[in-house]
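Accompanying notes for the structure given below.
First listed ligand is number 1; within each ligand, the first listed atom is number 1. It should be emphasised that the depicted structure is a prediction, and the values quoted were computed from it without experimental measurement. Note: hydrogens, waters and symmetry copies are ignored here, and every other heavy atom, side chains too, is used.
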Amino acid sequence: MNYELVCGLETHVELATKTKIFCSCTTEFGAEPNTHCCPVCIGLPGTLPKLNKAVVEYAVTAGLATHCEINPDAKMDRKNYVYPDLPKAYQISEYDQPLCRNGYVELASGKKIRLTRIHIEEDAGKLVHERGNTLIDYNRGGVPLIEIVSEPDIRSIGEAAEYVEQLQAIMRYIGVSDCKMQEGSLRCDVNVSVRPQGSDRLGTRTEIKNMNSFSHMTKAIQYEMDRQIDLLESGEDVVQETRRYNEETGCTEGMRGKEDANDYRYFRDPDLVAIRVTDDMVAALKAKMPEGPQKRLARFQTEYGLPEADARLLIDRRRIADYFEAAAKGTKNPRTVANCILGPIFSRLDSDAAKDEFRVSVSPENLNALVGLLDAGKIRKNLVKSTLEKMLDTGKPAAAFLSEKDLAGVNPDDLRKICEQAAADNPNAVKDYRGGKEKALKAVLGAVMKMTRGRANPQEAEKILTQIMKA
Ligand code: ADP
Ligand code: MG
Ligand code: ZN
């Protein structure tokens, strides 16, 4: 029998607010363990949480960017469970009144992956396993998260990866998170079930917790699919449970039976007031929202005439898209600018992390100036690339590498003489041209460019050659 994958994702995104969700500790990543903590975020008795307004604004912005309805009357609830990373023994989250509902993320194919909800909650601390001991770092405790829950609309591993990539791009664009999987600011719980192709009933699912890289996520889904198909084929049932992906073996392993909402004894947090999101607040956040990646993708194709594949590579990261637009400002050759980025610049950024950082020694203004020389006919395309390489090596502007001679081009009298010489050197091409073979002019033009080592303005040279060769 043929089986199909059914998959829904719960994606945790750490918000890039300066301070934590209920206290004024910093959210900065990478400090010494337990140095970004206070009585509130380590849950000492007698302390009271106070909601950070920026968290609500970021979450609403995320909801607007994913076409959600915004709930005007949200509230926070306690989700009770005992685990060492959670000193209060409850996590403050949102249960039945999340901030955002009923959105979607659109894939390149046009298919929409529906979002059930987006809610805000606090992150827990981090367990560090070291030489047989387990240590706890509470720096992450109280860092604000949004949890984005999708409907089980995903049907292939490719769709799962693309969905996460899209979320990542959207959240980065609107500036609510840096979404670095390797630092844990984006983590996915992946719910997987399989069913006979064509069936419209959902199979029993398992949930694989805390995927923190694309490659682990795709391998885990593949493994889990195969495991479930094997079970069904041999007449056994899939047990609904929570599993973990073992990076060493590439397998998923059972962790615990699946808890349900009842197990958490959710109740409204009595320490926090209701969250009222007014229409004015929503309108103000909407007005502040930058253009999303989808819109920008379309605009890069129409406004700059870029091929879709190139536009996609540029818009993927907002920093790169912004760089491109600054460098392409006012130029007649936006495709050359794109090629400069996708060629020489990208070849120096050899990892995803390097592309995220996008540290480039050439400022967009300097690249703009370089392409400006091409626009003005002062240099030819081949000189753009080689000059850019030197600019990248040194961080200096184009003028440092182009000699007076390069920039002056060839003066008109000299150019005429050179064209006459080139025509005299290529009598056959001239004869062909006079016989009606227009292409023959290109051969002579090539000779002119060679004689001037690329410094001649090809349009000018072509004009002169047309006069000479017609005669
Ligand atoms: P919980 O909060 O207990 O994990 P939910 O009902 O909220 O459970 O579902 C969580 C996720 O599981 C959602 O992303 C949803 O799309 C997905 N999901 C639900 N049923 C299935 C299923 N049969 N197969 C795959 N994914 C599923
Ligand atoms: Mg879940
Ligand atoms: Zn604190």
Side-chain angles (χ1 to χ4, degrees), residues 3-12 17-28 31 34-44 47-52 77 79 81 87-88 91-96 98 101-105 112-119 121-125 137-144 147-157 159-160 163-164 167 188-196 199-211 220-221 224-225 228 232 237-243 255-264 266:
Y3 289 88
E4 90 174 337
L5 169 71
V6 175
C7 174
L9 262 61
E10 295 160 273
T11 310
H12 289 94
T17 54
K18 289 206 175 61
T19 55
K20 292 187 179 180
I21 183 169
F22 300 121
C23 64
S24 50
C25 291
T26 173
T27 56
E28 222 170 276
N34 299 310
T35 54
H36 292 170
C37 303
C38 74
V40 174
C41 58
I42 58 171
L44 294 189
T47 56
L48 285 173
K50 185 163 175 276
L51 180 60
N52 179 348
D77 303 285
K79 179 180 183 180
Y81 65 92
K88 299 195 297 294
Q91 178 194 31
I92 306 178
S93 180
E94 290 182 301
Y95 178 48
D96 54 349
R101 289 182 285 219
N102 301 328
Y104 63 85
V105 168
K112 289 176 178 157
I113 307 298
R114 290 168 301 157
L115 301 185
T116 320
R117 57 189 279 156
I118 300 179
H119 66 254
E121 62 188 25
E122 57 180 336
D123 209 344
D137 177 5
Y138 287 122
N139 282 350
R140 207 179 64 183
V143 168
E147 178 172 339
I148 305 166
V149 183
S150 87
E151 293 286 309
D153 286 347
I154 293 163
R155 292 289 172 277
S156 69
I157 294 174
E159 281 184 6
Y163 166 79
V164 177
L167 271 187
C188 295
D189 298 342
V190 184
N191 295 271
V192 175
S193 67
V194 295
R195 65 182 176 192
S199 156
D200 53 11
R201 284 190 34 219
L202 291 177
T204 305
R205 71 175 148 126
T206 59
E207 176 174 354
I208 315 162
K209 281 282 182 198
N210 261 331
M211 308 300 334
I221 298 175
E224 188 55 21
M225 246 182 105
Q228 292 186 12
L232 298 178
D237 290 328
V238 174
V239 179
Q240 181 163 342
E241 63 182 353
T242 301
R243 300 178 70 85
M255 278 168 79
R256 55 176 191 253
K258 175 86 186 119
E259 53 291 290
D260 46 76
N262 276 337
D263 299 328
Y264 290 121
Y266 277 104

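- Atoms of ligand 1 lying under 4.0 Å from any heavy atom of Ser150, numbered from 1 in the order shown and given with element: 13 (C), 14 (O), 15 (C), 16 (O).
- In summary, an N, O or S atom of Cys38 is located under 2.8 Å from the Zn ion (ligand 3).
- In Arg205, the part holding a heavy atom less than 4.0 Å from any atom of ligand 1 is the side chain.
- In Asn191, the parts holding a heavy atom less than 4.0 Å from any atom of ligand 1 are both the side chain and the backbone.
- Rounding to the nearest 0.5 angstrom, the gap separating the CZ atom in Arg205 from the OG atom in Ser193 is 8.5 Å.
- Using a cut-off of 2.8 Å, one finds that Cys37 contributes no N/O/S atom close to the Zn ion (ligand 3).
- Contacts between Asp153 and ligand 1, counted as non-hydrogen atom pairs separated by less than 4.0 Å, are absent for every part of the residue.
- In this structure, CG in Leu9 is found 8.5 Å from CG in Asp189, a value given to the nearest 0.5 Å.
- A distance of 11.0 Å separates CG in Asn210 from OG1 in Thr242, rounded to the nearest 0.5 Å.
- Those atoms of ligand 1 with a heavy atom of Glu151 less than 4.0 angstrom away are 16 (O).
- Each of Lys20, Arg140, Lys88 was evaluated against Glu122; a single residue qualifies, Lys88, per the side-chain hydrogen bond (donor to acceptor under 3.5 Å, both in side chains) test.
- Rounded to the nearest 0.5 angstrom, Leu115 CG and Asn102 CG are separated by 9.0 Å.
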